[in-house]
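Working notes for the structure below.
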Amino acid sequence: MGVINIKKREIESEIFTGSMADISFLLIIYFMVTSVFSATRGLDFALPEDNNETPEIKQEDSIDVFVQPGGDLQLDGNPMAKEQIADKLLPYIMETLRENPKKPVILRTDPDATYGNMIYVFDILRTPIEDGGIKIETISIPTQREISNIWTMLGVAQ
Amino acid sequence: MAVIRGRQKKSGGEIFTASMADIVFLLIVFFVLTYNTEVDRTQVDLPETWVRKNIPKKAAVISISSPDQGEVVRVSTGEEMSLPVSTNEEVITFASTVVAQDPAKEFIIKADADVHYQKVDAVLDALKQSKVKVIFLLSDQKTVDG
């Protein structure tokens, strides 16, 4: 019996990918335009849990850091120029904490100072101290209203 | 003068594009993973700090624009676009509502470095009155030059 060999014509099966590049680039452009490399880091601070007890405040039990307009400081009432803060603030606080490690640091800021002035000092206070385990346990940032309340409680006219 | 016309052999000039798809999809995957929707478009010059901690996504945002732009306060729950507020009472109302829904909600203060501290103090006070537990002060990375 004779076998007839018929040459089958091959059909080219192909997925058309010509538009894939267009779609891909369109997606890339969309993400590039709408995506934001936002700043997602910063300084944190936790606010104290609310309890109805009024804490007893003694001025000598804390380290008072007062940021003035322009960025200068008053550290426990003593003036400190802005240029000296980076070198002298932490050593002073370490020295004080050696005597009493529980002393909180109270960071006050003059309303006319800038936010940047305050953050500059707060950043230094948050810098880890590498000195025999001494560290600032509490940094308090009272608001003007709270400071006014404290002065009123103490009977001090501002 | 006789001109010799030789049939030029066409050379198949082709740019190899097979790896383009890989690169393009790699870029798409990168953008999908790092994609962040911006809830507050206030342009601020953030203060710079050495110490910086990661801020949780979806934290509520309170932004204060620069003095040039009027120190406008805007608030956002972290999921919707920010809206301007004009009084401190509005900030308290906003923060109290957010805290009532989620008592552990973190708040971000995104303020320009040149903003008067009085404005930031008012916002801080409003957040304290609203029983907010954790506040983040958004900052840029400080560099040796800066």
Side-chain angles (χ1 to χ4, degrees), chain A residues 17-18 20-50 67-69 71 86 107-128 140-149, chain B residues 17 20-21 23-25 27-28 30-32 34-41 44-57 64 67 106 108-129 131-142:
Chain A
T17 56
M20 194 182 71
D22 300 341
I23 296 165
S24 305
F25 277 108
L26 203 75
L27 279 171
I28 286 182
I29 290 166
Y30 168 76
F31 280 119
M32 282 180 77
V33 170
T34 60
S35 177
V36 180
F37 291 95
S38 54
T40 52
R41 306 187 79 171
L43 287 166
D44 65 319
F45 70 95
L47 299 176
E49 293 289 325
D50 187 40
V67 184
Q68 296 181 307
L107 176 59
R108 295 186 296 132
T109 307
D110 191 288
D112 292 328
T114 64
Y115 176 58
N117 294 148
M118 177 268 187
I119 288 288
Y120 177 72
V121 177
F122 188 36
D123 184 36
I124 291 172
L125 292 175
R126 291 293 306 274
T127 307
S140 176
I141 306 174
T143 61
Q144 288 301 313
R145 186 181 56 85
E146 290 171 327
I147 293 167
S148 300
N149 288 347
Chain B
T17 56
M20 194 182 71
I23 297 166
V24 165
F25 277 107
L27 281 171
I28 288 178
F30 169 75
F31 279 116
V32 167
T34 61
Y35 189 68
N36 277 325
T37 45
E38 194 176 31
V39 293
D40 181 75
R41 291 181 185 270
V44 292
D45 182 15
L46 290 172
E48 295 177 348
T49 61
W50 291 112
V51 180
R52 293 172 82 220
K53 293 199 168 180
N54 279 331
I55 292 173
K57 285 181 180 177
I64 309 171
E106 296 94 350
I108 301 168
I109 294 179
K110 172 189 169 185
D112 192 281
D114 291 331
V115 162
H116 289 95
Y117 186 73
Q118 191 171 22
K119 203 79 182 181
V120 180
D121 183 80
V123 169
L124 274 177
D125 198 51
L127 295 181
K128 283 185 177 186
Q129 287 185 60
K131 316 287 184 217
V132 171
K133 291 196 174 80
V134 182
I135 299 171
F136 287 88
L137 306 173
L138 202 64
S139 67
D140 276 335
Q141 180 66 58
K142 197 173 207 172

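Chain letters run A, B, ... following the sequence lines, proteins first, then strands; residues in each count from 1.
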So how far is it from B:His116 NE2 to A:Asp110 CG, rounded to the nearest 0.5 Å? 10.5 Å
Looking at residues at least two apart in the chain, or sitting in another chain, which of them share a side chain to side chain contact (heavy atoms under 4.5 Å, CB included) with B:Thr49? A:Leu43, A:Ile119, A:Asp123, B:Arg52, B:Ser139
Looking only at B:Val132, B:Val134, B:Ile28, most heavy-atom pairs under 4.5 Å shared with chain A are made by B:Ile28
B:Val24 versus A:Phe25: any side-chain heavy-atom pair under 4.5 Å? yes
Do B:Phe25 and A:Ser24 have side chains that approach each other closer than 4.5 Å (heavy atoms only, starting at C-beta)? yes
Minimum side-chain heavy-atom gap A:Phe122-B:Leu137 below 4.5 Å: yes
Is there a donor-acceptor pair under 3.5 Å between the side chain of B:Asp121 and the backbone N or O of A:Gln144? yes
Please flag which part of A:Pro142 lies under 4.5 Å from any non-hydrogen atom of chain B: side chain, backbone, both or neither. backbone
With sequence neighbours left out, write down each residue that passes salt bridge (charged side-chain N to carboxylate O under 4.0 Å, His left out) with A:Asp44, or none if nothing qualifies. A:Arg126
Would you mind checking which part of A:Ile141 comes under 4.5 Å of any heavy atom in chain B, side chain (CB onward), backbone (N, CA, C, O), both or neither? both
Cut-off 4.5 Å, heavy atoms of chain A, and the answer for B:Asp112 is backbone
Heavy-atom check, side chain of A:Leu47 versus side chain of B:Lys133, under 4.5 Å: no
Non-hydrogen side-chain atoms of A:Phe45 and B:Leu124 separated by less than 4.5 Å: yes
Looking at side-chain heavy atoms only, is the closest gap between A:Met118 and B:Val120 below 4.5 Å? no
Measuring from A:Ile29:CD1 to B:Leu27:CG, what's the distance to the nearest 0.5 Å? 11.5 Å
